[in-house]
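Any value given below was found using the heavy atoms of this structure, including those in side chains, with hydrogens, waters and symmetry copies removed.
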Amino acid sequence: MIMKQAILRRFYPLNFPLKANFRFRTSRVYTITKKEFKEYENRKRHPEEEPYEDEIRKNSLGCLVIESISMLKPYDALYEMAADLRPQLLIIYGILSFLTDEVFDPTQCFNNESFVTGEDVVLDTPKPLLSKEGENYSKDLEKILDLIEESKKDKQILLYSLFERWRKALFLMKESDGNWIHVDEAVLAYIHIFEVLSDEFKKQLKTEVKENRERLINAIIARANGDDNKKYEDIDKLITEASDNRVTLKPKVMCMLKEMNLLNPKTEAIIVRFIEHRNAIAHGRKDLYQDKVVFPLKPFFSFIKDTNENIEIIKVFAARVISQYIGLKRWEPEWRWALVIAPPPFNLVKEFIFKKSYQNITEADIIDGVFDGVDPRSLYIYYIKNKISFDDLENALAKVITSSTLKKEECQALFNVAVILADSKSIDVANTAREIVRKSHTKQWYFYSNIRDALKEVEYYNKTLFWFPEWLIEKK
């Protein structure tokens, strides 16, 4: 059967500075300037045809071009090579999206041409180039392309799946910007990355589970042969432990993170929290309804009811796990940032309060979260969630509040806790907290679009404030 060689050339507008030049399979990916694209269209345009310029052409910073070769059977129409090339294109979109943090998808193509070649055409194989706004991702791109090339089919499919799930989640996040419309679904996609990738590490976990099971069985038999009255209670505990000794998602992910040297108290807390979100979303729990909501208002009820949850953290975490698996530098700076802003796990906050660690560090250290990341913001979050008491909050932050110089950085760090501690029975604490609120209001040193949202958030968690709502009425 004689095959026909055909070329499909697709153009994608760029609204950000991008330079690309690489080959993947039978496709070459490269960028051209706005001027080069206009010259290309002028060459294609009929002499009597007027130049065409729409908003895309006017506003773009150039174009990404994907030029692909396909072999057509004698009975194939030219347009049918789009189906043949689609899997290849989706992989390219995934790699580009992962490295640039920008969504690439087929709908963005605004111009294309296809034709049968008169002779065999061989695409250039340039040294991989990819940079965005001065950030160079060429080495990581080359690693990805080399790894795909040298890997067996099953590992290639794994890599394609990881990039595709990440691109889908990124698309859902971009579509949800400002409206939260697809956030639940994006979380499922990000957690699916952990789920898929952790399967690569479960062999060791299975060995550990088997060893634990044998240990527990021997312990149960030993206790059953005992004579003391506690044996039934001990056996019950051992049976419970044995039933929990399974290869489930959480231990699989923890095993993977340990192998990747990414496991620490913060990362463990992030995974536990987002697996809970994932379970609530995937299993369709009945508690979707809420009779209280806060700004920004969502178009649908969400299973993620934590107003302080930052989805960007799980996005960056998923990206960093993929990079760590492949051996890339990409997403390292973002990951460091994510670890800084992620709240410390509750056990560290509990220890901070129980041991009164705040007595041994300076006020500035408390604001900066020097002790395991425990800062005023994290104490506020655990207070409104009923994890710590008003007295715990006040004891930990009293000296920070009363020593405040009312500078911008201090007021921003202390605003939320000041709203609460304005109700303190301590005159010094209450007065200074109220002054922080007043100064923050005058200078707009808070992170809400409207200062009243601070009250709405506290009320959302069924907490009652006294001074702050009265002050809101008075200032009006």
Answer yes if the side chains of Ser27 and Glu67 hold a donor-acceptor pair under 3.5 Å, and no otherwise. no

For a quick check under 3.5 Å, do Tyr190 and Glu195 share a side-chain donor-acceptor pair by atom type? no

Side-chain touch Glu135/Tyr137, heavy atoms, less than 4.5 angstrom: yes

Take a 6.0 Å sphere around CD of Glu149 and say whether it holds more than 12 heavy atoms from other residues, nucleotides or ligands. no

Tell me whether Lys19 at atom NZ has more than 12 heavy atoms from other residues, nucleotides or ligands lying less than 6.0 Å away. no

For Arg273 and Glu309, what are the C-alpha separation, side-chain angles and deciding distance, and is it a salt bridge (charged side-chain N to carboxylate O under 4.0 Å, His left out)? CA-CA 9 Å; Arg273 201 166 67 245; Glu309 188 60 271; 2.8 Å; yes

If we count only N and O atoms by modelled type, under 3.5 Å, do the side chains of Tyr461 and Asp306 hold a donor and an acceptor together? yes

Can you tell me if CZ on Phe301 sees more than 12 non-hydrogen neighbours from other groups inside 6.0 Å? yes

For Lys4, look at atom NZ and say whether over 12 heavy atoms of other residues, nucleotides or ligands are found less than 6.0 Å away. yes

Under a 3.5 Å cutoff, is there a donor and acceptor pairing between the side chains of Ser131 and Asn136? no

Please identify which of these residues, Phe194, Trp166, Trp331, meets the ring pair (Phe, Tyr, Trp, His ring centres under 6.0 Å) condition with Phe317. Phe194

My understanding is that only one of Lys132, Lys315, Arg330 makes a salt bridge (charged side-chain N to carboxylate O under 4.0 Å, His left out) with Asp101; could you say which? Lys315

Cationic N near anionic O, under 4.0 Å, Asp124 to Arg23: no

To the nearest 0.5 Å, what is the distance between CG on Leu263 and CG on Leu257? 5.5 Å

Atom CZ of Phe115: over 12 foreign heavy atoms under 6.0 Å: yes

If you draw a 6.0 Å radius around NZ in Lys174, do more than 12 non-hydrogen atoms from other residues or ligands fall strictly inside? yes

For Lys127, is the NZ atom crowded, meaning more than 12 foreign heavy atoms sit under 6.0 Å from it? no

What do the steps show when you test Asp140 against Lys329 for salt bridge (charged side-chain N to carboxylate O under 4.0 Å, His left out), and what is the final call? CA-CA 7 Å; Asp140 280 348; Lys329 295 289 187 183; over 6 Å; no

Please walk me through it: do Ser114 and Ile7 pass side-chain contact (heavy atoms from CB on, under 4.5 Å)? CA-CA 5 Å; Ser114 55; Ile7 287 180; over 6 Å; no

Answer yes if the side chains of Tyr12 and Arg10 hold a donor-acceptor pair under 3.5 Å, and no otherwise. yes

Can the ring centroids of Phe11 and Phe37 be said to lie less than 6.0 angstrom from one another? yes

Report the relative orientation of the aromatic rings in Phe104 and Phe16; use parallel for angles under 30°, tilted for 30 to 60°, perpendicular for over 60°. perpendicular

Kindly indicate whether a cation-pi arrangement holds for Lys387 with Phe346, taking the cut-offs as under 6.0 Å to the six-membered ring centre and within 45° of the axis. yes

Modelled atom types, side-chain donor and acceptor of Glu457 and Tyr448, under 3.5 Å: yes

Looking just at side-chain N and O atoms, do Ser357 and Asn360 make a donor-acceptor pair shorter than 3.5 Å? no

Side-chain heavy-atom pair Pro128, Ser138 within 4.5 angstrom cut-off: no

Regarding Asn112 and Arg9, do their side chains bring together a donor and an acceptor under 3.5 Å, going by distance alone? no

